[in-house]
Structure formats: C-alpha cells, structure tokens
Amino acid sequence: MTTKDVKSFVPWKGFAHFMRFEIEQHFWQMRWLLPLPVMLIVAYIVVGDVAVDSLNYSLESNTWDALFSVFGNANLVFFVFTLLFLYLVSDLLRETRFGEGVLFRLGSRRLWWLGKTLTLGLAVVVYLSVAVGIIAGIAGFVLPWQPGWSQATMQLPLEFYVAPGARDIPPAAALGQLLLLLSMGWFCIGLAVMVIAQFSNQLVIGFLTGILVNLSGLMAERADTGPPIAYVSIHQHLLYYYHSFGDPKSVYPAWIVSVLYWALWVGLFYRVGLILSAKQDFLAQEERQ
Amino acid sequence: MFREELTRAFWNRSFVIALALGILSLTQGYLEYIDGPSPSGSGYQDYLSRLPPFYNNAYDALIWAQQGLIGLLAPVMAVLPFADSLALDRTRGYLRLVLARVSYGRFLLAKYAAVLLSGGAALALPLVLFFVYTNLVLPRGLNPVVEQQRVLSAPNALGPFGDLYQSAPDMYILGLAGMSFVFGAVYAIFGLAVSAASDNRYIALATPFMVFFLAHFILSALGLPNWSPLSPVVPHWLMNITWLQILLSLGIVLVSSTVFYVAMAGRMRSRI
C-alpha cells in the first residue's frame with residue numbers, strides 16, 4: 001500500500017463495497033424465490049375468500065379488504081410471513097472465506113455490525129415489497145381499487161381484520177401504519193436472531209429463538225392474554241387490529257406506543273449486537289457455523 | 001463406523017438441546033392441562049372430591065401436553081442432533097480422513113442410520129420421560145364419566161390407533177411415542193438430504209421446519225388439514241386421521257429425501 005493509497009482511503013468506500021458484497025451474498029440465492037409461490041398461494045386463498053364473503057353478504061368489497069385480510073390476519077402473520085422471513089434472514093451473519101477478506105478490508109467492527117443491520121433492514125423492505133406487490137396485484141385483478149373503505153368493511157370490519165376505530169383513517173394511511181408495524185416487528189425479531197446467533201455462535205440457535213418469539217406471540221394471541229403480559233407480548237404490537245385508535249376505553253395500546261415499543265427493542269438489540277461484535281472471533285466463525 | 005457415527009449423533013450438545021426443548025414444550029402443554037387449585041394446596045382434596053375419579057390422569061395429561069408447542073417444534077427437534085453433520089464433515093475435511101479407513105458407501109449408510117435414530121430419539125425420548133413423570137404425579141386410570149373427560153375419547157378422535165386408548169391406554173401412549181419416533185427419523189433424513197446438497201449447515205437445519213410449516217398452512221387453507229404433516233406427530237389434533245394420511249405424509253418425505261440424499265452424495269464424491 002503506497003502513501004497515496006493511505007491518504008485516499010475512505011472508510012465509507014470500503015463500507016459500500018462491503019454492502020454490495022452482503023447483498024450479492026445473501027439476496028442472490030434460490031431461497032429468496034420462495035416468497036413468490038408462497039405469496040401467490042396466500043393471495044389465491046385470501047382473495048377468493050374475500051370475493052366469496054362479498055357475494056354471501058351482498059356487500060361490495062375492494063382491494064383494501066384483501067390487503068387487510070392478509071396482513072392483519074394473525075394466522076398468516078405468525079404461521080407464514082414471520083416464519084418465512086426468519087428462514088430467509090437467520091443466516092445473515094454467516095461469512096464465507098471471501099467474506100472474511102472483505103471484513104478485514106472494512107477494518108471496523110462497528111461498520112461490520114452496521115452493515116449487517118442495514119442488510120437486515122433491506123431484507124425487510126424487499127420481503128415486504130414482494131409480499132404487498134403480489135397480494136395487491138392479484139387482488140387488483142379480482143376486486144376494484146377504490147380510494148375509501150368498502151361497503152363490506154364499513155358494515156363488517158371484523159371480517160376483514162379491521163378494527164372499527166381504524167375506519168376513521170383513510171385505508172391507504174391505515175395500510176401504511178400496518179406495514180410500518182410489521183416491518184419494525186420483523187426487523188426487531190431479525191435483530192434479536194442476529195444477537196442470539198452472535199452470542200451462541202450458532203445460527204440455528206438464533207433461528208430457534210426467532211421461532212420461539214414468534215410462537216409466543218401466536219399463543220398469547222390465541223389465549224387472548226390480558227394485561228400485563230399482553231403489554232409486552234409481540235402480538236399486540238405486531239398486529240394492527242390490536243390498537244386503540246383513539247378509544248380511551250380500549251385495552252389495546254395506541255399505534256404510536258407500538259412504534260415506540262419496537263424502536264426501544266431495536267435500539268437495545270443494536271447496542272447489544274455492537275458490544276458482542278467487539279468480542280467476536282471472526283477467524284473461527286466459519287468453522288463453528 | 002456405525003458405532004462411531006452413533007456416538008457422535010447421541011453424545012453432543014445439540015441432542016441435549018433437542019431433549020430440553022421437547023421437555024419444555026411438553027411442560028407448556030401440561031401446565032395448560034393442570035387447572036384448578038395447586039395439588040400441594042389446602043383446597044385440592046376438596047376440589048378433587050367434587051370431580052369424577054381420574055378426572056386428571058397420567059394419560060390425558062400426556063395427550064394434552066402433546067397438543068401444545070411440541071407439535072410445532074418437532075421438525076427442528078428432529079434435525080438438531082445430527083442432520084447437518086454431513087455438511088460439517090465435508091467442510092471440516094473430516095470426511096477425507098474417514099474415507100481413508102472405510103468405503104464411501106459404508107460411511108453414507110452409517111450416517112443415514114445414525115441420523116435416523118438420533119432424530120427419532122430426539123422426539124420420542126421427551127414423550128417417554130414425560131409419561132414417566134405424569135405416572136408419578138397423577139393417577140393411572142381413565143375417567144369413566146364420558147361427559148367430563150378432558151380429552152375426546154372416541155377412537156376416531158385419537159388417531160388411527162385410537163381404540164387403544166380405552167382398551168390399553170399404556171399401549172396408546174407408546175403408540176404416540178412410536179409415531180413421534182418415526183416422524184423424527186423421517187424429518188432428520190430430510191435435513192441430512194439437504195446437508196448433502198448445501199455446505200450451509202443452517203439451511204440443512206431450517207429447511208425441514210420451513211417446508212413442514214408451509215405444507216401445513218397450505219393443506220389447512222385448502223381444506224385438507226388431515227393430510228397436514230402435523231398429523232403423524234400429533235395424530236389426535238383432528239378427528240378421523242387415517243393410516244393412509246399418515247403413511248403418505250411421511251412416505252413422500254422419506255422416499256424423496258432418501259433419493260435426493262443418494263443422488264447428492266454421488267455428486268458430492270467428486271468434491272471431497
């Protein structure tokens with residue numbers, strides 16, 4: 001390395017190189033094709049159900065009904081979306097020998113952890129975009145696009161996993177709020193998986209932790225767990241349906257409380273991950289994993 | 001070779017983790033089963049006197065416990081002990097050393113048998129241990145008052161061998177443990193087949209779980225829940241689960257995994 005090279009060295013250039021490598025390594029895999037058939041099947045089943053409900057009740061439905069029926073449905077969120085997401089991202093910490101070389105060029109453990117976290121964030125965005133794109137695309141063929149809530153949701157909101165109070169918000173804004181909760185929740189669980197994987201040096205232990213967190217939410221939802229456990233359980237903060245929407249008598253949290261809940265956990269896990277990455281033995285990592 | 005592989009499969013940390021996971025999952029189901037006052041509390045005898053004999057019993061407790069988390073975690077528990085070992089042996093260079101001593105075919109056969117047995121044991125052992133526990137803390141007998149039974153006792157509600165519940169309840173529980181063993185063995189082989197194709201151990205461990213869940217979701221959503229891969233491991237989760245549904249569900253996974261394992265192992269030989 002010459003003096004000129006040292007003077008012109010920009011840490012962020014190395015970071016950009018690292019990020020490019022991360023994306024190539026983790027996203028260019030056959031596994032990332034799995035959401036396509038899964039979302040198509042989900043769309044086929046749910047859009048069909050919404051269309052049949054619309055006929056049965058003689059009430060007009062629209063595309064928003066299908067979107068809320070998919071992304072507000074606890075069974076789909078816990079049994080399909082979160083598990084599939086965990087399967088896709090739980091080995092983000094895995095490094096190949098070439099990856100170790102890239103890491104040494106990066107020269108900073110902080111930047112390494114930041115890179116991994118940003119890759120996880122990107123995975124959330126890609127996964128959610130694919131999911132929403134496919135569901136909305138299929139639903140759009142069968143049901144009309146309208147700016148407001150459908151007749152069916154206005155009369156039977158619970159059938160479409162819309163809380164009655166949410167109907168005061170325009171559907172596009174409500175869907176935005178719902179997707180923000182899901183993306184923050186998945187990002188947070190993914191971060192927890194990476195922290196546990198770093199701590200245990202076993203990717204599968206991280207994956208297992210993610211599964212258990214996910215199943216704990218499912219079971220709390222099924223058991224209709226009351227406070228105080230419900231306040232900390234993920235189901236009340238991941239599912240849009242479980243929010244108060246300005247109703248002072250509601251036992252559910254306000255939407256903003258859930259955003260803060262996830263932000264708090266994300267901050268905590270990021271910090272713990274940073275501390276663990278300072279102690280990580282990268283040379284031996286591949287052999288252990 | 002077989003003894004060596006068997007020792008590695010059973011004598012490792014992951015096998016203990018799988019057992020612990022099984023015991024904890026069954027405990028979660030058991031805690032849901034035990035309701036009313038605590039057995040060590042003062043009002044417990046009075047509470048029991050108002051209930052039919054054997055209202056809480058060792059058999060129903062295990063059936064309840066098996067309807068909890070364990071069914072969902074079963075594919076992970078099956079692969080944890082040893083299913084990823086082929087990828088590990090290959091990437092660490094262990095395989096090259098082994099092949100200096102034994103033939104490739106014998107190694108593959110020993111690996112297959114060890115993975116099969118460890119996967120089956122990882123699922124069946126927690127059930128057997130938990131049944132021993134429920135026998136120690138709860139009475140051994142069946143509640144004669146059908147209306148107040150804790151589980152549906154009709155034979156078609158308890159799986160294809162459900163008639164054993166009334167005639168020989170111990171055999172019924174043993175049958176459940178046997179089914180769990182077969183399920184664990186089959187899904188462990190699934191993991192082994194994946195590890196023959198991929199150097200990423202995580203993929204070998206996580207893929208069977210993901211396939212299990214997606215198949216369960218899709219079959220349930222299509223109105224075919226009895227055909228779900230959950231039926232072999234929890235044959236009493238729905239009414240009218242038949243041998244055909246169980247054998248087909250397991251048979252497809254076992255045959256396709258074995259064929260894939262043999263094919264990938266043949267290809268892998270050039271990369272050792």
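Protein chains get the first letters and strands the later ones, always in sequence-line order, with residue 1 at the start of each. The figures here come from the full heavy-atom set of this structure, side chains too, leaving out hydrogens, waters and symmetry mates.
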To the nearest 0.5 Å, what is the distance between CD (Gln28(B)) and CG (Leu215(A))?
9.5 Å
Please round to the nearest 0.5 Å and tell me the distance separating atom CD1 of Ile17(B) and atom OG of Ser200(A).
8.5 Å
Taking the side chain as C-beta and beyond, is there a heavy-atom pair between Leu208(A) and Phe209(B) under 4.5 Å?
no
Please round to the nearest 0.5 Å and tell me the distance separating atom CD1 of Ile203(B) and atom CE of Met30(A).
11.5 Å
Write down the atom of Tyr202(B), the atom of Leu88(A), and the distance for their closest heavy-atom approach.
OH-N, 4.5 Å
In terms of heavy-atom contacts, does OH of Tyr44(A) have more than 12 from other residues, nucleotides or ligands at under 6.0 Å?
no
Where does Leu212(A) contact chain B at under 4.5 Å (heavy atoms): side chain, backbone, both or neither?
side chain
Checking Ser14(B) against chain A: side chain, backbone, both or neither under 4.5 Å from a heavy atom?
neither
Between CZ on residue Arg31(A) and OG on residue Ser198(B), distance to nearest 0.5 Å:
8.0 Å
I'd like to verify something: which residue of Ile45(A), Val80(A), Ile41(A), Leu83(A) has the highest number of heavy-atom pairs under 4.5 Å with chain B?
Leu83(A)
Can you tell me how far OH of Tyr87(A) sits from CG of Leu214(B), rounded to the nearest 0.5 angstrom?
9.5 Å
Can you tell me if Ile218(B) has over 12 outside heavy atoms packed within less than 6.0 Å of its CD1?
yes
Nearest 0.5 Å please: distance from the CZ atom of Phe217(B) over to the CZ atom of Phe78(A).
15.0 Å
Take atom OH in Tyr133(B); do more than 12 heavy atoms of anything else shown fall under 6.0 Å from it?
no
Looking only at heavy atoms and a cut-off of under 4.5 Å, which of Leu80(B), Leu69(B), Asp84(B) has the most pairs with chain A?
Leu69(B)
Check this for me: Phe269(A), atom CZ, are more than 12 non-hydrogen atoms of other residues, nucleotides or ligands nearer than 6.0 Å?
yes
